[in-house]
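Just follow the structure's listing: the first ligand is 1, and inside any ligand the first atom is 1. What's counted below: heavy atoms across the whole structure, side chains too, no hydrogens, waters or symmetry copies.
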Amino acid sequence: MSKTPIYVTQPHLPPLEEFIPYLEQIWENKILTNNGPFHRQFEGALCEWLGVDHLALFTNGTLALVTALQALRITGEVITTPFSFVATAHALLWNGIMPVFVDIDPKTLNINPARIEAAITPKTTAILAVHVYGNPCDVKEIQTIADHYNLKVIYDAAHAFGVRWQNGSVLRHGDLSVMSFHATKVFNTFEGGAIVCPDAKSKQHIDHLKNFGFVNETTVVASGINGKMNEMQAAFGLLQLKHINEALERRCQIDAVYRENLKSIEGLHCLDYEGQHVANYAYFPILVGPEYPLSRDSLYEKLREQGIYCRRYFYPLISSFSMYRGMSSARSGNLPVAEQIAQRVICLPIYPALDDMDVKRIIEMLRLR
Ligand SMILES: *Cc1c(COP(=O)(O)O)cnc(C)c1O
């Protein structure tokens, strides 16, 4: 019996016919990029939907991360997490900054604030934390440490689209927050990203940096890069915003079905994150415990044989890749929690088009029936 493969995620796409009028508009305007009408409209609409005051759109999240570090003039060493997508640390290396990995909290899987202080040296300039799976970091504690040591705080919020924490967007914390609208994320513009900034002045600076440093036709104020989002991406983003609520609702339903059923499967554990936040159900990570009859990797292989393509986010740890593993913070024993979680975690498929039958089938397989 051959079935269509199920991947860990599938991009959420609006009905094709709804995109045609946007394309016609672009063909009529003949403005393809450089802060065009859709770009401006999308920035405004996103700020409103997210509940933030200012943001700058980017062509992808990684360029946004690289630019955020430039905007704050970060140098030296930056404290970060090994448990993330590799772009988090790569953005530091691209700026000539040394990542210093700190272990994660076993409950939230985010950087453990209690481990940060011990990693601070005279060269430390910032903390680059990640809201892993969209679960908010301990933003209060991180800010307290940053204030005490005069460090900047950047959040890699690539997973945190729409996440709210204590009556506001989680994106309002830190000096800057960076988003990704990559095809695999909760909200996509094919590729895309943004930096959420606290004020108009920092947004303007970032807008210059993403456009080669130009402030007008003849003046260049910085060695900027080309990080501009184009009109096609921005138009698509505007259309996607019209469908985001239904997408989040369906994700929430799937999350609830998994959670309910996993209670009765010994050895498989949902994250025991007790955040007082509005989640976006971006991922459905589970931890495979020693009581489960299969190892994490055997389960992963078994599901693949049945056409269910899960992902072991985040295995391997960033600190184990060749360009990082020689660093002293990557040494064995420094990151015990991250190492253990990376061996046990597996993310189950979750996306709006995943239907109830698929979810049921996946659960039956987890029951090893
Ligand atoms: C996806 C992702 C990025 C990179 O974003 P792109 O838009 O793909 O460049 C960075 N950090 C994390 C944690 C991510 O998941």
Which donor-acceptor pairs under 3.5 Å do the side chains of residues 190-202 make with protein atoms, sequence neighbours left out?
from: Asp199; atom 1: OD1; to: Lys201; atom 2: N; distance (Å): 3.3
from: Asp199; atom 1: OD1; to: Ser202; atom 2: N; distance (Å): 2.7
from: Asp199; atom 1: OD1; to: Ser202; atom 2: OG; distance (Å): 2.8
from: Ser202; atom 1: OG; to: Asp199; atom 2: O; distance (Å): 3.1

Using 4.0 Å as the upper bound for N to carboxylate O, is an ion pair formed by Arg250 and Asp356? yes

Considering only N or O atoms, set out every pair between ligand 1 and the protein closer than 3.5 Å, with distances to one decimal place.
from: ligand 1; atom 1: 5 (O); to: Ser180; atom 2: OG; distance (Å): 3.2
from: ligand 1; atom 1: 7 (O); to: Gly61; atom 2: N; distance (Å): 2.8
from: ligand 1; atom 1: 7 (O); to: Ser180; atom 2: OG; distance (Å): 2.7
from: ligand 1; atom 1: 9 (O); to: Gly61; atom 2: N; distance (Å): 3.4
from: ligand 1; atom 1: 9 (O); to: Thr62; atom 2: N; distance (Å): 2.9
from: ligand 1; atom 1: 9 (O); to: Thr62; atom 2: OG1; distance (Å): 2.6
from: ligand 1; atom 1: 11 (N); to: Asp156; atom 2: OD1; distance (Å): 3.3
from: ligand 1; atom 1: 11 (N); to: Asp156; atom 2: OD2; distance (Å): 2.7
from: ligand 1; atom 1: 15 (O); to: His159; atom 2: NE2; distance (Å): 2.8
from: ligand 1; atom 1: 15 (O); to: Lys185; atom 2: NZ; distance (Å): 3.2

Quick check: do Tyr149 and Glu117 have side-chain heavy atoms less than 4.5 Å from each other? yes

Once salt bridge (Lys or Arg N to Asp or Glu O under 4.0 Å) is applied, what residue pairs with a partner in residues 39-67 remain, sequence neighbours excluded? Glu43-Lys203, Glu43-Lys210, Asp53-Arg172

For Gln166 and His173, does a side-chain donor sit closer than 3.5 Å to a side-chain acceptor? no

Give the table of side-chain donor-acceptor pairs shorter than 3.5 Å for residues 87-95, with sequence neighbours excluded, one pair per line with atom names and distance.
from: Thr88; atom 1: OG1; to: Ser84; atom 2: OG; distance (Å): 2.7
from: Thr88; atom 1: OG1; to: Phe85; atom 2: O; distance (Å): 3.1
from: Thr88; atom 1: OG1; to: Asp156; atom 2: OD2; distance (Å): 2.8
from: His90; atom 1: ND1; to: Tyr324; atom 2: OH; distance (Å): 2.6
from: Asn95; atom 1: OD1; to: Gln70; atom 2: NE2; distance (Å): 2.7
from: Asn95; atom 1: ND2; to: Val66; atom 2: O; distance (Å): 3.3
from: Asn95; atom 1: ND2; to: Ala91; atom 2: O; distance (Å): 3.0

